[in-house]
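So the structure is just underneath, and the comments pick up after that.
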Amino acid sequence: MRPSLRAKILDVCARKIAAKGSNVGLSFYAFFANKNDDPELLMEAAEWWIRTHKLDHFEKAAKIEAMVRAMDA
């Protein structure tokens with residue numbers, strides 16, 4: 001995963017958790033604007049979310065944040 005996508009995921013997860021609590025869910029679309037302005041990045045996120053990890057459409061933000069942080073471990 002490219003560093004810019006990783007940073008975006010961590011930022012969005014942190015903001016969602018801060019605003020709505022640790023039980024908040026999100027989909028990979030939460031990392032993008034309503035318009036498809038970066039299709040390559042969107043497909044990279046979809047690949048990671050759907051093919052690599054076989055995640056449901058909505059997952060807990062805390063789970064996604066932990067998964068991305070674990071990539072460094």
Side-chain angles (χ1 to χ4, degrees):
M1 177 184 299
R2 68 180 87 172
S4 63
L5 179 56
R6 182 183 183 285
K8 182 179 258 191
I9 290 171
L10 292 174
D11 177 60
V12 169
C13 286
R15 285 188 288 119
K16 294 279 188 181
I17 292 167
K20 298 191 177 192
S22 61
N23 206 30
V24 67
L26 51 77
S27 77
F28 67 87
Y29 290 113
F31 311 123
F32 300 93
N34 286 337
K35 61 182 182 173
N36 189 4
D37 58 355
D38 193 342
E40 292 298 319
L41 194 61
L42 176 65
M43 293 307 295
E44 185 177 335
E47 177 84 19
W48 182 86
W49 191 284
I50 298 167
R51 286 194 179 160
T52 303
H53 295 288
K54 299 181 181 4
L55 298 171
D56 290 337
H57 183 76
F58 282 96
E59 293 286 350
K60 303 292 183 205
K63 175 182 178 178
I64 300 304
E65 182 180 44
M67 289 173 71
V68 172
R69 289 192 186 284
M71 293 170 62
D72 284 342

Next on the checklist: Would the distance check show the side chain of E44 and the main-chain N or O of L5 forming a donor-acceptor pair, the cut-off being under 3.5 Å?
Outcome noted: no
Checklist entry - Should V68 and W48 count as side-chain neighbours, where that means a heavy-atom distance under 4.5 Å? => result yes
Checklist entry - Given side chains that start at C-beta, do those of W49 and I64 come closer than 4.5 Å, heavy atoms only? => result yes
Checklist entry - Which residues satisfy the salt bridge (charged side-chain N to carboxylate O under 4.0 Å, His left out) test with D38, sequence neighbours excluded? => result none
Checklist entry - Are E59 and H53 side-chain neighbours, meaning at least one heavy-atom pair lies under 4.5 Å? => result no
Next on the checklist: Looking at every heavy atom in both M1 and M71, which two are closest together, and how far apart are they?
Outcome noted: CB-CE, 3.7 Å
Checklist entry - Which residues pass the side-chain contact (heavy atoms from CB on, under 4.5 Å) test with R15, sequence neighbours left out? => result D11, V12
Next on the checklist: Grouping I, L, V, M, F, W and Y whenever their side-chain heavy atoms are under 4.5 Å apart, do I9 and V24 come out in a common cluster?
Outcome noted: no
Next on the checklist: If you count heavy atoms of other groups shown closer than 6.0 angstrom to CZ of R2, is the number above 12?
Outcome noted: yes
Next on the checklist: Test of understanding: clusters of I, L, V, M, F, W, Y form through side-chain heavy atoms closer than 4.5 Å, transitively. Do F32 and I50 belong to the same one?
Outcome noted: yes
Item to check | K20 (side chain) donor-acceptor with I17 (main chain) under 3.5 angstrom | outcome: no
Checklist entry - Are M43 and L26 linked, directly or through other ILVMFWY residues, by side chains that come within less than 4.5 angstrom of each other? => result no
Item to check | Exercise: identify the closest heavy-atom pair between C13 and A61 | outcome: SG-O, 3.5 Å
Checklist outcome for this item: Those residues at least two apart in sequence (or on a different chain) that pass salt bridge (charged side-chain N to carboxylate O under 4.0 Å, His left out) with K60 are none
Checklist entry - Side-chain contact, heavy-atom cut-off 4.5 Å: F28 with L42? => result yes
Checklist entry - Shortest non-hydrogen contact from S22 to A62? => result O-CB, 4.0 Å
Next on the checklist: Rounded at 0.5 Å granularity, tell me how far CE in M67 sits from CG in L55.
Outcome noted: 4.5 Å
